[in-house]
Amino acid sequence: MDGDLRHSGLPGAADTERTRPGAEARATGTPRTVGVVWGLLILNTLGSAGAKTIIPLPRSLIQLVTMGALVAAFTLALALNLRLRVRASAFLFLLTLLLVPSVLSSLQLESGLGALFRCARLALFVGTLWLLSRWWDGLTFVRHHIRMYFAVLGSVAAGLVVSPGAALPELYGGRLVGALWPLTPPQIGQYAAVIIGLTVLLVLGRRTDRASAAVVIVPSAVLLALTHTRTATLGLLVGLTLAIGSLVLTSAAARRFFTWAVLCAAVAATVFAGALRAWFLRGQSQENLTSLTGRATVWDALLAAPRTTVETLFGVGLGDKSFGGLPIDNSWLAVYHEQGLTGIALVAAMLLVLGGVALLRPPSLPRACAIFLISYCAIASYTEAGLGDASPYLLHLTVAAALLAAPATATPLPAPEPPRRHVPRWARDRR
């Protein structure tokens, strides 16, 4: 199919792309039910703890919905892939190996019977990802990712409109929370930052038009600003810088965007320096900021706690990512606490494998999206937990693995135009 292919709609809602003359538009052949399964996995990772909602939702009901979503996702994925055809993946293999220290440490029951329940949840989660690996193809899961998280942000925006007081409570310092579904500011900031970054890259890769992208980027950016989430903002900026930098040598659009972004950032840093500093500090003192809002205290206590050799190697079992009743808020320390040094080695290997494959791939839009997701997860791992258990961060990395699993083929160049023969003017008049 020659010419340009352009479809209307939200980025990720349709296969909106341009192909160069002579390039073939390739259909992915992915069943629509795969998108449903992916949405159920996202629902499972939304969590059950957060702000107070407009209509009080019992935690047991939320857990029933999220766990029911995971069981439904696994059942649908199995029904789609009854022959158990999977794609070989070092990422999924390492993620499966992570079950070993999780189960070994959880069998000690130091974290209670809930640890075994969380192991079963992680096993179902990983099994569903294996079943979906059959359809890893290019940007398919990027579209699902944007669509599903944009729907989640839509519920946050609806809660803000219905009850601004519940969506911006004083308990969280006026930061945006989920008023319809219990979502914390870091969660909302993470979802907004990820879909903003992916949508920007789709625009640069000419896989969607600017008007459709603005429908996603503008409201998501507003919600991100209302959450005052520093980690998500930093991850978005650094991730986009690295991703666009990987396209600079091969994409004129990426070079133009990078240039304008640097100029706009310099002007904004000069003109709005005071407002940006106030947004960044969130009314906190310098001492509170230095201690990362109390996280450093928990980290020091966790590292100073005595451990046996078995606990050092395999952890104390899957828990709620807390220590002494306080959240750990660090993926590496949470993995060390629950899955030991073995878990840290496996999680580090996952990131290194994905990063190494991304660096070895030729410049392309899928590679840029993968670099963005990997770098975002690496940055967020410092102040957010989740790399060692079923979480949105593992879903982000799975999308990156799907992008890198697609064949690394060079983009076809336009076919050369045949030379035009000069026709004298008197000859054109006679025609």
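For Asn81, there are no side chain to side chain donor-acceptor pair (under 3.5 Å) partners at least two apart in sequence or on another chain. Taking Thr53 as the reference, nothing meets the side chain to side chain donor-acceptor pair (under 3.5 Å) condition, with sequence neighbours excluded.
What you find for Ala358 and Leu404 is that their closest heavy atoms are CA-CD2, 3.8 Å. Across Leu180 and Leu57, no two heavy atoms sit closer than the pair O-CD1, 3.7 Å. The minimum heavy-atom distance linking Ser375 with Leu242 is given by the pair CB-CD1, 3.7 Å. Nearest approach of Pro31 to Leu80, heavy atoms of both residues: CB-CD2, 4.3 Å. Shown here for Leu333 and Asn330, the closest heavy-atom pair between the two residues is N-OD1, 2.9 Å. Nearest heavy atom pair, residue Val177 against residue Val156, reads O-CG1, 4.1 Å.
In this structure, a donor-acceptor pair under 3.5 Å is absent between the side chains of Trp136 and Ser89.
Thr398 has its side chain within reach of Phe91: a pair of non-hydrogen atoms, C-beta onward, lies under 4.5 Å apart. Residues Phe125 and Thr45 are in side-chain contact: their nearest non-hydrogen atoms beyond the backbone lie under 4.5 Å apart. Looking at heavy atoms from C-beta onward, Leu373 lies out of side-chain contact with Leu397 at the 4.5 angstrom threshold. Side chains of Leu198 and Tyr149 form no contact here, defined as non-hydrogen atoms less than 4.5 Å apart. Looking only at side-chain heavy atoms (C-beta outward), Phe117 and Met67 come within less than 4.5 Å of each other. Within the 4.5 Å cutoff, the side chain of Leu236 has heavy atoms near those of the Leu224 side chain. Between Leu226 and Leu160 there is a side-chain heavy-atom pair separated by less than 4.5 Å. Looking at heavy atoms from C-beta onward, Cys377 lies out of side-chain contact with Gln190 at the 4.5 angstrom threshold.
Other residues, nucleotides and ligands contribute over 12 non-hydrogen atoms within 6.0 Å of the CG atom of Leu263.
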(request) Evaluate side-chain contact (heavy atoms from CB on, under 4.5 Å) for Leu129 paired with Leu395, printing each intermediate quantity in order. (result) CA-CA 9 Å; Leu129 296 181; Leu395 292 181; 4.3 Å; yes
(message) Checking Leu78 against Leu84 for the side-chain contact (heavy atoms from CB on, under 4.5 Å) test, could you report, in this order, the C-alpha distance in whole Å, the side-chain angles of both residues, the deciding distance, and whether it holds?
(response) CA-CA 8 Å; Leu78 185 60; Leu84 302 181; 3.8 Å; yes
(request) Let me see the working for Val194 and Tyr376 under side-chain contact (heavy atoms from CB on, under 4.5 Å), right down to the final yes or no. (result) CA-CA 8 Å; Val194 167; Tyr376 181 89; 4.0 Å; yes
(request) List the steps and the verdict of side-chain contact (heavy atoms from CB on, under 4.5 Å) for Trp38 and Val399. (result) CA-CA 10 Å; Trp38 196 254; Val399 174; 3.5 Å; yes
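Formation of a donor-acceptor pair under 3.5 Å by the Thr229 side chain with backbone atoms of Pro185 is found in this model. The closest donor-acceptor contact from the side chain of Arg118 to the backbone of Gly319 lies under 3.5 Å. At least one donor-acceptor pair under 3.5 Å links the side chain of Ser133 to the backbone N or O of Arg87. With hydrogens and angles ignored, the 3.5 Å screen pairs no side-chain donor or acceptor of Asp329 with any backbone N or O of Glu384. Of the possible donor and acceptor atoms, one in the side chain of Arg367 sits under 3.5 Å from a partner among the backbone N and O of Arg361. Looking only at distances, no side-chain donor or acceptor of Thr227 sits under 3.5 Å from a matching main-chain atom of Leu176. Side-chain atoms of Ser331 come within 3.5 Å of backbone N or O of Gly386 as a donor-acceptor pair.
Here the straight-line distance linking atom CD1 of Ile374 with atom CG of Leu352 works out to 10.5 Å at 0.5 Å rounding. Arg147 CZ to Arg143 CZ: the interatomic distance, rounded to the nearest 0.5 Å, is 9.0 Å. Here Thr66 contributes atom OG1 and Leu61 contributes atom CG; the two are 9.5 Å apart, rounded to the nearest 0.5 Å. Here SG of Cys369 is found 13.5 Å from NE2 of His396. Values are rounded to the nearest 0.5 Å. Annotation: the span from Leu365 atom CG to Leu247 atom CG amounts to 7.0 Å, rounded to 0.5 Å. Here the CG-CD1 distance, from Leu153 to Ile146, works out to 11.5 Å after rounding to the nearest 0.5 Å.
Ring centroid separation for the pair Tyr336 and Trp299 does not come in under the 6.0 Å cut-off.
A salt bridge links Lys321 and Asp389; the closest N-O separation between the charged side-chain nitrogens and carboxylate oxygens is under 4.0 Å.
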